[in-house]
Protein chains: 2
Amino acid sequence: MAILVVGSVAFDTLETPSGKRERVLGGAATHFALAASFFTKVRVVGVVGDDFLLEHEAVLTSRGIDTTGIEHVPGKSFHWTGSYVKDLNAAETLATDLNVFAAFEPKIPESYLDTEYLFLANIDPVLQSRVREHMPNAKLVAGDTMNYWISAHRDNLLKVLRELDILVINDNEARMLSGETNSLRAAKGVLALGPKSLVVKYAEHGSAAYFSPHSFSDGFDHNQFRAPATPQEEVVDPTGAGDSFAGGFYGYIASQGKLTPEVFRKAMFYGCVLGSLSVEAFGTDRLQRTTRAEIDQRFEHLKEISHL
Amino acid sequence: MAILVVGSVAFDTLETPSGKRERVLGGAATHFALAASFFTKVRVVGVVGDDFLLEHEAVLTSRGIDTTGIEHVPGKSFHWTGSYVKDLNAAETLATDLNVFAAFEPKIPESYLDTEYLFLANIDPVLQSRVREHMPNAKLVAGDTMNYWISAHRDNLLKVLRELDILVINDNEARMLSGETNSLRAAKGVLALGPKSLVVKYAEHGSAAYFSPHSFSDGFDHNQFRAPATPQEEVVDPTGAGDSFAGGFYGYIASQGKLTPEVFRKAMFYGCVLGSLSVEAFGTDRLQRTTRAEIDQRFEHLKEISHL
């Protein structure tokens, strides 16, 4: 089943211990779409400027991604400049030039309206709600957010959370949202805000899923699930790792057509795999040159190193 | 098969967000022995002062632990005073009164000499080496250490590491020992120092085992293994969690009589379980009132939340 992802399509200027790159293709929707494209058909809603050329679009279309919903407007694309030189686990933002993204008003193409799997990447929760309303056929809705929306737009965000089937966030976002420092209490606090299921990413320490009685149609509370991370000897560029995780995770779920505990668990493993691949090169380079066979090989490896 | 553990038997004065306790029974050997006692016979070598009363010894002997090797000398027992009020994940040492432990010279009782499983808890590496030399029948030797020995007694410690079958340490100790910040490179760096296998504890994020071609008698490099932690809603007192992990881990291995990859993996899970139990009450309280049935129940739970 197809996924519609709405979010940023951007350029990133990056500095990491492995080197520097100027204006490489990035953005949450880009990383998500590429990762999900190994599992299912992906449709993107976003906005770009004149600097988004055919060669950039080709990165997406060559993976079969439907870019009909990427609106081209005069001006420059969203451009983020960040550094991981001090700490590979924490991006230091040097500049955020929203450019055309500042006035982003998602427009859903007619051909996208039948999409059943919707992913609301990290954008203004008001826009997330609006997209959700325009997609009444979406049977499963997942989303992401970030510290800015949690602290400065909390009420709007809470409205989104109540509509979500699955919220996919980082450890620090879960703590911030819930006001709890203990990870289990933080997870319960976030679930109490409305999402039926919660996935928390713990960077190199893997991820965890926390379930509610509404997570699955069987009405049983499956408690939780822990997925390890693929150990990485070299992290070249962490940008987009979380979005790639979300893409692999949600792409697998959409490919299965039905959300069962088993599908959810496997999806967590696929999320880990895509996240681990994405950090091995700058920008989207690594995802562009991976294959489903390589992904499945890593999936098996992850299983091998975590199962008794 | 019996285990001999050599290490501290002490009193701890503790402050955590859950409260304060004065002079509760503690020490690495104590926590280790209690945790291991659910799997196999445990023999302890340590030293205590006049303040170590029959009631304290009974905590060990009531679990069938052989305390013949706990030497009683005039003076006071090792007394550690610490606080976790600022951060439950990092002990703040307020006072370290070594007392009789300062002159600790491990004496192995005749009746211990046939022990095949030796655990060298965190003590001066010179003493660890000496104990190892006195135990020629030990067919498997594991041990722990801490930042102080890594930085100030490195050469002595390196001598110990070359003799170890399994080194069990924390994440920060692995980084310190290897000089690497990346966890996988840190692990490889530590293995290069000599231990055949390495277990790294990542606190609430579980643990990982890193293997070498010498880890198992089959001569095959089993790469690694990741074990999750049991998620904890309330951590009352983290003191001794690592020693309880080591006790559960090594106790299970000794109970199996043979170190295979499967035994090693299950032992990691049992380590997690004992570590998770130990933090639920002050000092040794929680381990004193657990049962093998409860331990096995948690083992199954850990499997359930981590296996596809």
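Just so we're on the same page: letters track the sequence lines, and every chain starts at 1. Note: hydrogens, waters and symmetry copies are ignored here, and every other heavy atom, side chains too, is used.
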Leading residue by heavy atom contact count with chain B [cutoff under 4.5 Å; candidates A:V235, A:N223, A:N182]
A:N182
Residues of residues 82-90 of chain A near chain B, each having a heavy atom less than 4.5 Å away
none
Gap separating the OG1 atom of B:T284 from the CG atom of B:D243, nearest 0.5 angstrom
12.5 Å
Taking only heavy atoms into account, what residues of residues 264-281 of chain A are found under 4.5 Å from chain B?
A:R265, A:K266, A:F269
Residues 194-210 of chain A: residues contacting chain B (heavy atom under 4.5 Å, by number)
A:Y202, A:E204, A:H205
Give a yes or no on whether the backbone of B:L14 and the side-chain of B:D12 come within a donor-acceptor separation of less than 3.5 Å.
no
Salt-bridged, B:R175 to B:D171, with N to O below 4.0 Å?
yes
For B:A187, is it the side chain, the backbone, both, or neither that has a heavy atom closer than 4.5 Å to a heavy atom of chain A?
neither
Any side-chain to backbone donor/acceptor pair from A:T40 onto A:G251? Under 3.5 Å, distance only.
no
Given the options B:R185, B:E233, B:R226, which has more heavy-atom pairs under 4.5 Å with chain A than any of the others?
B:E233
Taken to the nearest 0.5 Å, the spacing of B:N170 CG from B:M176 CE works out to 12.0 Å
Just by distance, do the side chain of A:D237 and the backbone of A:G283 share a donor-acceptor pair under 3.5 Å?
yes
Side chains of B:L191 and B:L167, heavy atoms from C-beta outward: is any pair under 4.5 Å?
no
Restricting to non-hydrogen atoms, name the atom on A:I3 and the atom on A:A254 that form the minimum distance, rounded to 0.1 Å.
CG1-CB, 3.6 Å
Report, by ascending residue number, the residues of residues 290-308 of chain A in heavy-atom contact with chain B at a distance under 4.5 Å; give 'none' if the set is empty.
A:F299, A:H301, A:K303, A:E304, A:I305, A:S306, A:H307, A:L308
From the list A:E180, A:E262, A:Q232, the residue making the most non-hydrogen contacts under 4.5 Å with chain B is A:Q232
Does NZ in B:K20 sit with more than 12 non-hydrogen atoms of other residues, nucleotides or ligands closer than 6.0 Å?
no
